[in-house]
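Shown next, in structure tokens, is the structure this report addresses.
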Amino acid sequence: KNEVEQSPQNLTAQEGEFITINCSYSVGISALHWLQQHPGGGIVSLFMLSSGKKKHGRLIATINIQEKHSSLHITASHPRDSAVYICAVEDGGGADGLTFGKGTHLIIQP
Amino acid sequence: KAGVTQTPRYLIKTRGQQVTLSCSPISGHRSVSWYQQTPGQGLQFLFEYFSETQRNKGNFPGRFSGRQFSNSRSEMNVSTLELGDSALYLCASMAGNEQFFGPGTRLTVL
């Protein structure tokens with residue numbers, strides 16, 4: 001069973017700062033997902049990665065398959081980026097669905 | 001296109017009762033996954049259905065069951081409710097490798 005660790009657990013930053021959230025996993029995967037959850041519970045899928053790097057607006061996600069590590073970056077952070085960011089992995093066989101990290105609670109102060 | 005819908009949004013039950021939650025995926029999506037989210041365990045995978053067949057199942061007791069209908073709508077059932085079943089239950093429908101989450105059903109067991 002894959003173990004997914006995220007760091008930091010909590011992060012408070014000022015508006016405009018560059019944010020990095022890290023995710024590591026223990027067993028090889030077929031894909032990694034980054035999710036965003038706002039207060040109230042709604043979850044939005046941000047990225048699905050199997051290699052390299054993806055960018056969408058101010059968000060950038062990278063993955064290093066050899067090191068079993070992924071990072072989510074937010075450039076020019078804004079208070080509306082405040083949310084819980086969750087990393088989830090799919091194993092190669094897909095038999096266990098997604099395995100989730102505990103999430104990173106991000107607060108961006110104006 | 002309408003998003004993923006879940007009903008009911010909130011539910012209060014007592015121990016020993018059973019409950020049925022419903023999920024309607026985005027039109028055209030044939031895969032539906034269910035997840036449980038609790039403060040202690042975070043997000044955990046329950047099961048995945050594709051074309052009315054259970055494709056994957058997470059590590060939950062047999063009290064948790066589900067099904068999918070020919071129109072791709074899915075239901076999950078929890079029998080003999082326990083206090084620990086209090087959680088946010090999320091479903092997601094999938095297109096390609098991207099998951100689209102519903103707003104969740106918040107179940108409280110008293």
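For chain A, the nearby part of Leu88(B) is the side chain; its heavy atoms alone come within less than 4.5 Å. With a 4.5 angstrom heavy-atom cutoff, Gln37(B) touches chain A only via side-chain atoms. Using a 4.5 Å cut-off between heavy atoms, Leu90(B) contacts chain A through its side chain alone, with no backbone atom that close. With a 4.5 Å cut-off on non-hydrogen atoms, Phe100(B) does not touch chain A at all.
Both Phe64(B) and Val109(B) belong to a common hydrophobic cluster when Ile, Leu, Val, Met, Phe, Trp and Tyr are linked at side-chain heavy-atom distances under 4.5 angstrom. Note: the hydrophobic cluster containing Leu49(A) also contains Ile65(A) (ILVMFWY, side chain heavy atoms under 4.5 Å, direct or indirect links). Neither Leu43(B) nor Val32(B) shares a network with the other; the hydrophobic side chains, linked directly or stepwise wherever heavy atoms of I, L, V, M, F, W or Y lie under 4.5 Å apart, form separate groups for each. Under the 4.5 Å side-chain heavy-atom criterion for grouping Ile, Leu, Val, Met, Phe, Trp and Tyr, Met76(B) is connected to Leu81(B) within one hydrophobic cluster. By the criterion of side-chain heavy atoms lying less than 4.5 angstrom apart, applied directly or through intervening Ile, Leu, Val, Met, Phe, Trp or Tyr residues, Phe101(B) is not grouped with Met48(A); the two fall into different hydrophobic clusters.
Once rounded to the nearest 0.5 Å, the distance linking CG of Leu98(A) with CD of Gln99(B) reads 5.0 Å. Distance check: Phe45(B) CZ to Glu90(A) CD gives 10.0 Å after rounding to the nearest 0.5 Å.
Proximity of the aromatic rings of Tyr35(B) and Phe100(A) is defined here by a centroid distance below 6.0 angstrom, and this criterion is met.
Counting only distance, with no hydrogens or angles, the side chain of Lys102(A) and the backbone of Gln41(B) share a donor-acceptor pair below 3.5 Å.
Counting non-hydrogen atoms of neighbouring residues, nucleotides and ligands closer than 6.0 angstrom, the CZ atom of Arg15(B) reaches no more than 12 such neighbours.
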